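To start, the structure under review is shown below, and the notes come after it.
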There are 2 protein chains.
Amino acid sequence: MTKSKSAKPTQKKSRQPDVTRRNILDAALYEFAAKGLAGARVDEIAARSGSNKRMIYEYFGNKEGLWLTVLENAYTRMREEEHAIDVARMKPEDGMRYLMEFNFKFCSRNPEFIALLNAENLHKASYLKDSKKIRELYTPLLVVITDLLQRGQKDGVFRKGVDPVELYTTIAALGFFYFSNIHTLSTIFGRNLLSPKQQKTRLDHSMEVVLGYLRP
Amino acid sequence: MTKSKSAKPTQKKSRQPDVTRRNILDAALYEFAAKGLAGARVDEIAARSGSNKRMIYEYFGNKEGLWLTVLENAYTRMREEEHAIDVARMKPEDGMRYLMEFNFKFCSRNPEFIALLNAENLHKASYLKDSKKIRELYTPLLVVITDLLQRGQKDGVFRKGVDPVELYTTIAALGFFYFSNIHTLSTIFGRNLLSPKQQKTRLDHSMEVVLGYLRP
DNA sequence: GAATTTCGTAACTGACCGGTTACTTCCCCG
DNA sequence: CGGGGAAGTAACCGGTCAGTTACGAAATTC
């Protein structure tokens with residue numbers, strides 16, 4: 001619909017649908033991540049976005065439509081970042097380390113992503129299930145892991161018979177869980193797990209666990 | 001306050017504070033787990049409990065007080081179940097397997113527990129932080145793990161220098177994450193991870209990862 | 001520069017929801 | 001058996017919230 005105005009440098013105000021849309025999505029990510037779907041307030045999102053409710057309903061239909069878009073966006077961004085570096089060219093062990101480190105640091109850097117996924121799981125992924133974009137997003141990642149495993153096996157540095165899906169789940173678990181449950185864990189253990197030092201300890205341990213497992 | 005009537009067998013109706021309280025807590029667990037704190041409806045909890053709103057506010061003060069009580073209850077129940085079997089007497093490897101299996105199966109058996117913890121983490125554990133009961137709940141578990149590690153080390157079946165907190169976090173992660181994200185993972189991988197077969201595969205893999213890591 | 005489309009504002013609506021209260025019913029104790 | 005307190009009911013209240021609408025302002029198009 002409105003597409004033809006990307007060359008303009010800086011307009012003072014309004015009539016920038018893409019920018020408005022982006023602002024709404026950013027504000028919604030913040031609000032949804034902080035309060036979940038039910039807890040989030042559309043008025044608050046509108047205020048924070050610098051736009052208004054009318055625009056939200058124009059672009060996204062309703063609160064749930066906005067939720068789904070925010071969710072898809074978050075997933076997409078993660079996969080895009082992950083693909084920025086070419087793991088296929090790395091040595092198997094390095095590639096695996098890179099994947100783990102990326103996963104861990106991405107979770108550390110994007111607490112909203114964590115919150116969003118948890119909230120969506122609370123809803124039994126009912127919104128995600130309707131998404132066409134998502135399913136195909138993970139196929140290339142599995143291809144990369146399968147390739148790493150095969151090459152590592154051939155080089156004799158990885159054991160045989162490792163299921164890529166299981167391995168990916170383990171890698172994701174070790175990164176995701178720590179940040180997903182960081183507040184309750186910090187409370188229980190009486191440690192501040194958000195501190196960089198604790199995070200490093202955790203990542204080192206996780207890597208040792210996975211690579212220890214992978215060695216033949 | 002009302003304590004002295006536990007010998008009575010079965011009364012037909014009402015005037016059973018403990019039963020009413022329990023019913024409210026059960027209903028609240030169900031509702032909170034299904035919809036989170038913000039999404040849960042006090043009216044719905046009242047209806048489901050067979051009691052009514054007035055009793056909820058009498059026993060628990062407000063929605064948040066009810067939330068905290070439900071949360072403490074869930075934690076307590078898990079630790080109690082875990083302590084039912086005496087790991088201290090088991091061989092180190094068996095003890096570790098038992099802990100992992102318990103953790104995994106408890107998560108499988110109690111999806112509400114998962115949902116509750118995730119919701120509480122969304123609130124940055126702000127309710128749990130005020131709880132006095134919780135912190136002391138996990139000390140004995142860490143003692144058990146430390147003991148297992150030491151004995152395993154002495155027997156030469158476990159490696160040295162393993163931090164009990166890190167190890168427990170890993171064990172918890174491998175069980176919890178799978179069930180916490182089971183809906184989004186099922187969607188992404190196009191598998192039904194709730195099936196017993198997939199669960200067994202997952203548990204076997206997790207054990208291999210941890211025990212592989214622990215071996216010297 | 002008028003017509004048309006896009007965007008912004010704010011008031012509005014109707015449903016809902018957490019929490020309260022006035023009142024009734026039941027149980028226990030003397 | 002009757003009085004008092006505990007337990008239960010349902011109506012109610014004030015506030016909130018998702019979603020709508022009416023209208024005016026600005027920008028784009030011709």
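Just so it is clear, the values below take in all heavy atoms, side chains as well, and ignore hydrogens, waters and symmetry mates. Every chain is numbered from 1, with letters handed out A, B, ... down the list of sequences. Bear in mind that the values here come from a model prediction, so they are computed numbers and not experimental data.
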Polar atom pairs between nucleotides 14-19 of chain C and protein, under 3.5 Å, N or O only, would you list them?
unit_1 : atom_1 : unit_2 : atom_2 : d
C:dC17 : OP1    : B:R41  : NE     : 3.2
C:dC17 : O5'    : B:R41  : NE     : 3.0
C:dG18 : OP1    : B:A40  : O      : 3.1
C:dG18 : OP1    : B:R41  : NH1    : 2.9
C:dG18 : OP1    : B:K63  : NZ     : 3.0
C:dG18 : OP2    : B:V42  : N      : 3.0
C:dG18 : N7     : B:K53  : NZ     : 3.4
C:dG19 : OP2    : B:Y57  : OH     : 2.8
C:dG19 : OP2    : B:K63  : N      : 3.1
C:dG19 : O5'    : B:Y57  : OH     : 3.4
C:dG19 : N7     : B:K53  : NZ     : 2.6
C:dG19 : O6     : B:K53  : NZ     : 2.5

Tell me the closest heavy-atom pair linking [X] and [Y], and the distance in Å.
{"X": "B:T76", "Y": "B:E72", "value": "OG1-O, 2.6 Å"}
{"X": "B:Y127", "Y": "B:L68", "value": "O-CD1, 3.4 Å"}
{"X": "A:I45", "Y": "A:A27", "value": "O-CB, 3.6 Å"}

Distances under 3.5 Å between protein N/O atoms and the N/O atoms of nucleotides 21-24 of chain D, please, pair by pair.
none

[X] [atom1] to [N] [atom2]: how many Å, rounded?
{"X": "A:M55", "N": "C:dC7", "atom1": "CE", "atom2": "P", "value": "6 Å"}
{"X": "A:F60", "N": "C:dC7", "atom1": "CZ", "atom2": "P", "value": "12 Å"}
{"X": "A:E58", "N": "C:dT6", "atom1": "CD", "atom2": "P", "value": "8 Å"}
{"X": "A:K35", "N": "D:dC17", "atom1": "NZ", "atom2": "C1'", "value": "13 Å"}
{"X": "B:R21", "N": "D:dA7", "atom1": "CZ", "atom2": "C1'", "value": "15 Å"}

Any chance you could lay out the side-chain contact (heavy atoms from CB on, under 4.5 Å) test for A:L116 and A:Y75, step after step, and finish with the verdict?
CA-CA 10 Å; A:L116 225 53; A:Y75 263 107; over 6 Å; no
A side-chain contact here means heavy atoms from C-beta on lying under 4.5 Å apart; do B:Y213 and B:V209 qualify?
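Side-chain contact under 4.5 Å: no.
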Output, in order, the C-alpha distance, side-chain angles, deciding distance and verdict of side-chain contact (heavy atoms from CB on, under 4.5 Å) for A:L203 and A:Q199.
CA-CA 6 Å; A:L203 178 55; A:Q199 289 194 28; over 6 Å; no
Between [X] and [N], is there a side-chain N or O to OP1/OP2 distance below 4.0 Å?
{"X": "B:N52", "N": "D:dT9", "result": "yes"}
{"X": "A:S51", "N": "C:dG8", "result": "yes"}
{"X": "A:T20", "N": "C:dC7", "result": "no"}

Rounded to the nearest 0.5 Å, what separates atom CE in A:M207 from atom CG in A:L174?
11.0 Å
Compile the donor-acceptor pairs under 3.5 Å between side chains in residues 178-185 of chain B and protein atoms, sequence neighbours left out, one pair per line.
unit_1 : atom_1 : unit_2 : atom_2 : d
B:Y178 : OH     : B:L193 : O      : 2.7
B:S180 : OG     : B:N118 : ND2    : 3.2
B:T184 : OG1    : A:N121 : OD1    : 3.4
B:T184 : OG1    : A:N121 : ND2    : 3.0
B:T184 : OG1    : B:N181 : O      : 3.2

Could you walk me through whether A:L194 and A:S186 pass the side-chain contact (heavy atoms from CB on, under 4.5 Å) test, one step at a time?
CA-CA 8 Å; A:L194 280 167; A:S186 290; 5.7 Å; no
